[in-house]
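What follows is a set of notes on a single structure, which appears directly below.
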Amino acid sequence: MHRKYYLIIALSHLAVVVSMLFPLINVNELRIGVAGAQNAEPYYMNIISFLQNEIYPITGILMLVFVGISIFGFVLSIYGFVSKKLKSFSVKLSFIAGFGSASLGALLLYSNSTMLFIICALSFGIISFCTIKLVRLEERQENSK
């Protein structure tokens with residue numbers, strides 16, 4: 001019964017990681033011209049070119065950290081999928097790893113990357129919903145003992 005929730009959580013984490021490989025990060029740099037500071041035309045990048053160009057280095061590092069948390073959540077949910085019993089620590093860590101998607105979504109909202117924000121927000125909502133279901137299953141499992 002718990003395996004379907006772990007599979008959904010794994011797919012949600014994977015969707016966040018894969019979406020970062022597509023050019024969906026909105027970059028709008030300021031250019032200094034004769035008349036003063038002007039906005040250049042906004043363009044879109046993926047996380048690899050964003051890190052290579054060092055446009056906003058701290059933002060790039062934070063994005064990389066949150067993608068790492070999503071990868072950790074993916075591995076953790078695969079472990080929960082493969083395990084025979086529902087374990088308390090994997091349920092709690094799944095919930096905590098879901099906040100990586102929420103934080104990444106908030107960071108992307110700041111840069112007006114609406115498509116990536118929607119993907120991260122949906123991922124966080126799905127992960128939270130499935131984790132709440134897993135917590136309820138865990139409580140039922142402990143009450144039946």
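One is the number of the first residue; the rest follow in order along the sequence. The figures here come from the full heavy-atom set of this structure, side chains too, leaving out hydrogens, waters and symmetry mates.
Atom CD1 of I78 sits about 10.5 Å away from atom CD1 of I9, to the nearest 0.5 Å. Distance check: S12 OG to I119 CD1 gives 11.5 Å after rounding to the nearest 0.5 Å. Atom CZ of F72 sits about 9.0 Å away from atom CD1 of I96, to the nearest 0.5 Å. With values rounded to the nearest 0.5 angstrom, F66 atom CZ is found 14.0 Å from I71 atom CD1. Note that the CZ atom of F81 and the OG atom of S90 stand 13.5 Å from one another [nearest 0.5 Å]. Here F22 contributes atom CZ and I47 contributes atom CD1; the two are 14.0 Å apart, rounded to the nearest 0.5 Å.
Under a hydrophobic clustering in which Ile, Leu, Val, Met, Phe, Trp and Tyr are joined whenever their side-chain heavy atoms come within less than 4.5 Å, directly or via other members, Y79 and V17 fall into different clusters. I126 and L11 fall into different hydrophobic clusters, where Ile, Leu, Val, Met, Phe, Trp and Tyr are joined by side-chain heavy atoms under 4.5 Å apart, directly or via other members. Hydrophobic cluster membership differs between F89 and I69, with clusters built from Ile, Leu, Val, Met, Phe, Trp and Tyr side chains linked at under 4.5 angstrom. Both M63 and L116 sit in one connected hydrophobic cluster of ILVMFWY residues. Membership requires side-chain heavy atoms under 4.5 Å apart, directly or through other members. Side-chain heavy atoms closer than 4.5 Å link hydrophobic residues (I, L, V, M, F, W, Y) into clusters, and following such links, possibly through other members, connects M45 to V67.
Under the 3.5 Å distance criterion, the side-chain polar atoms of N46 are left unmatched by any main-chain donor or acceptor of P23. In terms of modelled atom types and a separation under 3.5 Å, the side chain of S103 and the main chain of G100 share no donor-acceptor contact.
Between H13 and V75 there is no side-chain heavy-atom pair separated by less than 4.5 Å. Between L51 and L64, some side-chain heavy-atom pair lies under the 4.5 Å cut-off. Between M20 and I25, the closest side-chain pair of non-hydrogen atoms falls below 4.5 Å. Residues L104 and V16 have side chains in contact (heavy-atom distance under 4.5 Å, counting atoms from C-beta outward).
Partners of I118 under the side chain to side chain contact (heavy atoms under 4.5 Å, CB included) rule, at least two apart in sequence or in another chain, are L122. By the side chain to side chain contact (heavy atoms under 4.5 Å, CB included) test, L14 pairs with V18, F74, sequence neighbours left out. Looking at residues two or more places apart in sequence or on another chain, you find a ring-ring contact (aromatic ring centres under 6.0 Å, His included) between F95 and F99. Listed by chain and number, the residues in a side chain to side chain donor-acceptor pair (under 3.5 Å) with S113 are S111 (sequence neighbours excluded). Every residue meeting the ring-ring contact (aromatic ring centres under 6.0 Å, His included) condition with Y6, not counting sequence neighbours, appears here in chain and number order: H2.
Nearest approach of S101 to C120, heavy atoms of both residues: O-CB, 3.4 Å.
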- Check step by step if side chain to side chain contact (heavy atoms under 4.5 Å, CB included) holds for L109 and F117. CA-CA 6 Å; L109 184 65; F117 170 73; 3.8 Å; yes

Return a table of donor-acceptor pairs under 3.5 angstrom between the side chains of residues 128-144 and protein atoms on other chains or two or more places apart.
residue, atom, partner, partner atom, Å
S128, OG, F124, O, 2.9
T131, OG1, I127, O, 2.6
E138, OE2, S88, OG, 2.9
N143, ND2, E139, O, 3.3
S144, OG, R140, O, 3.4
S144, OG, Q141, O, 2.9

